[in-house]
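Here is the structure we will look at.
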Amino acid sequence: MKVFIDSADLDEIRQAFAWGVCDGVTTNPSLVKKAVDRRKAAGEKLNMKEYITQILKVAEGTPVSLEVTELSAEGMIAQGKKLFAMFNPVAENVNIKIPVNPAMKNEDISHFDGIIATSTLADEGIPVNCTLIFTPEQALLAAKAGAAYVSPFAGRIDDLLRKRAGIQFGKSDYFPADGLVQKDALLEDNGIISGIDLVRQCVDVLEMYEFDTEVIAASLRNPRQAREAALVGAHIATLPFSVIRDMLKHEKTFEGIDLFTKDIVPEYVEMLK
Ligand code: G3P
């Protein structure tokens, strides 16, 4: 499984690439806002074009998703082309993030505008990451439209299931991949019993029909979910910086290094000088 960093924070992206474990970057408007707010709060003046250029250079050789902000098919296509023309020449690693269905409750936007934008951009050779996927059937249509990637949002399905059941939870709290029983009933959203189950079903459908589209397990909030995304065959997990960092932690690893350190004999250290 490839590991992407889900961040628009240049410092986090630099660090994750320096660790040598990062295979790509995903951004979205909320992540860009978070990064921009942090820099502004630190008194920095931000040149957005220069900032994105730097992200692309740090990630050179690996894909970076940049998201559109328009909602109509025409708007998304125009922005997608512009983003690609502006930024792909930097390091040839840009893909365009398109919401699978930008309709909301706005009747001016059709439920297929995301799919139309995906297929139009894909036909022009622009790789698309089709995002905000909450069902395998959305993933299937996105793949048919030519998406290079689909991004099921695992954590947000877990949020939905817990919210509907009236369960209090923190954003990074673990939700069982095999589902949660409440009042003798398994929580589910139209046959999806957890975020990881959503990822599994998307992978199964796309692999069964041999699509080239890769599944990016997104909205993962803790290391156990990253593990489970790997176990269900996600091609990629996009992870917040904090989750990548926490994946290495275990109390017995800390205890073990403590014990080994106490047992080092001077002759061994001398030999290595
Ligand atoms: O890549 C999607 C991700 O940024 C959303 O994460 O935790 O806000 O649901 P989250």
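Small disclaimer: the values here were computed from a predicted structure and weren't measured.
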Would you sort out whether L180 and I167 count as a side chain to side chain contact (heavy atoms under 4.5 Å, CB included), showing the intermediate values? CA-CA 11 Å; L180 198 60; I167 299 169; 3.8 Å; yes
Assess whether salt bridge (Lys or Arg N to Asp or Glu O under 4.0 Å) is satisfied between K252 and E255, documenting all intermediate values. CA-CA 5 Å; K252 293 298 281 182; E255 181 196 271; 2.8 Å; yes
Could you walk me through whether R39 and L10 pass the side chain to side chain contact (heavy atoms under 4.5 Å, CB included) check? CA-CA 10 Å; R39 288 190 174 246; L10 191 53; 3.7 Å; yes
Starting from the C-alpha separation in whole Å, work towards a yes-or-no answer on side chain to side chain contact (heavy atoms under 4.5 Å, CB included) for L239 and M247. CA-CA 10 Å; L239 303 169; M247 282 165 80; 3.6 Å; yes
Stepwise side chain to side chain contact (heavy atoms under 4.5 Å, CB included) test for F211 and V205: CA-CA 9 Å; F211 284 98; V205 168; 5.6 Å; no
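Side chains of D113 and S110: a donor-acceptor N/O pair is present below 3.5 angstrom, by distance only. Side-chain atoms of D11 and Q15 form no donor-acceptor pair, as typed in the model, at a separation below 3.5 Å.
Under a hydrophobic-cluster definition in which Ile, Leu, Val, Met, Phe, Trp and Tyr are linked whenever side-chain heavy atoms come within less than 4.5 Å, directly or via other members, L220 and F175 are assigned to different clusters. Tracing side-chain contacts under 4.5 Å through hydrophobic residues (I, L, V, M, F, W, Y), one reaches V215 starting from I133; they form part of the same cluster. In the hydrophobic clustering of ILVMFWY residues, with side-chain heavy atoms under 4.5 Å counting as a link, L71 and I98 come out apart. Placement of M1 and V232 in two distinct hydrophobic clusters is found when ILVMFWY residues are connected by side-chain heavy-atom separations under 4.5 Å, directly or transitively. Note on Y149 and V25: separate hydrophobic clusters, where clusters join Ile, Leu, Val, Met, Phe, Trp and Tyr whose side-chain heavy atoms are under 4.5 Å apart, directly or indirectly.
Rounded to the nearest 0.5 angstrom, I5 CD1 and I244 CD1 are separated by 4.5 Å. The CG atom of L56 sits 5.0 Å away from atom CG of N93, with the distance rounded to the nearest 0.5 Å. To the nearest 0.5 Å, the span separating CD1 on I96 from CG on L83 amounts to 4.5 Å. Rounded to the nearest 0.5 Å, atoms CG (L46) and CD1 (I52) are 9.0 Å apart. The distance from the CG atom of L206 to the CG atom of D212 is 10.5 Å, given to the nearest 0.5 Å. Rounded to the nearest 0.5 Å, atoms CD1 (I157) and CG (L187) are 12.0 Å apart.
Across all non-hydrogen atoms, the minimal contact from C130 to T118 is SG-OG1, 3.7 Å. Residues L121 and I77 share a closest heavy-atom pair of CD2-O, 3.8 Å. Contact record, S7 with E12: OG-OE1, 2.7 Å, taken as the closest heavy-atom pair. Pairing each heavy atom of P99 with each of L132, the nearest pair is CB-CD1, 4.1 Å. A pairwise comparison of heavy atoms in F4 and C22 identifies C-SG, 4.3 Å as the closest pair. The two residues L66 and V94 come nearest to each other via the heavy atoms CD1-CG1, 4.1 Å.
Inter-residue side-chain proximity for I216 and N129 is flagged as met; some heavy-atom pair is nearer than 4.5 Å. Using a 4.5 Å heavy-atom cutoff, the side chains of I192 and Q201 are in contact. The side-chain heavy atoms of M76 and T120, taken from C-beta on, include no pair separated by under 4.5 Å. Side-chain contact check for F112 versus L141: some heavy-atom pair is nearer than 4.5 Å. With contacts defined as side-chain heavy-atom distances shorter than 4.5 Å, the pair I264/F260 does not qualify.
Classified by interplanar angle (parallel below 30°, tilted 30° to 60°, perpendicular above 60°), the ring pair W19/F241 is parallel.
The existence of a salt bridge linking K40 and D37 is excluded, since no basic side-chain nitrogen approaches an acidic carboxylate oxygen closer than 4.0 Å.
The number of heavy atoms from other shown groups lying within 6.0 Å of CG (N190) does not exceed 12. By the neighbour-count criterion of 12 heavy atoms within 6.0 Å, atom CZ of F254 is densely surrounded, having more than that number from other residues, nucleotides or ligands. Within a 6.0 Å sphere centred on CZ of F169, heavy atoms belonging to other residues, nucleotides or ligands number more than 12.
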Contacts under 3.5 angstrom, residues 266-273 side chains, donor-acceptor by atom type, not counting sequence neighbours:
none

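At distances below 3.5 Å, at least one donor-acceptor pair connects side-chain atoms of S219 with backbone N or O atoms of R156. Checking side-chain atoms of K97 against main-chain N and O of T27 turns up a donor-acceptor pair under 3.5 Å. In this structure a side-chain-to-backbone donor-acceptor pair under 3.5 Å is present from N222 to S172. Side-chain atoms of Q225 never come within 3.5 Å of backbone atoms of A154 as a donor-acceptor pair (strictly under, hydrogens ignored). A donor-acceptor pair under 3.5 Å links the side-chain atoms of Q138 to the main chain of F134, judged by distance alone. When atom types are taken as modelled, the side chain of D158 and the backbone of G195 share a donor-acceptor pair closer than 3.5 angstrom.
Among residue pairs with one or both ends in residues 165-175, none qualify as salt bridge (Lys or Arg N to Asp or Glu O under 4.0 Å); sequence neighbours excluded. Residue pairs that meet the salt bridge (Lys or Arg N to Asp or Glu O under 4.0 Å) test with at least one member in residues 219-236, sequence neighbours left out, are D159-R221, R224-E228. For residues 70-90, every residue pair satisfying the salt bridge (Lys or Arg N to Asp or Glu O under 4.0 Å) rule, not counting sequence neighbours, is listed here: K81-E124.
Contacts of D189 classified as salt bridge (Lys or Arg N to Asp or Glu O under 4.0 Å), with partners at least two apart in sequence or in another chain: R164. Judged as a side-chain contact (heavy atoms from CB on, under 4.5 Å), and not counting sequence neighbours, the contacts of D6 are T26, L31, T238.
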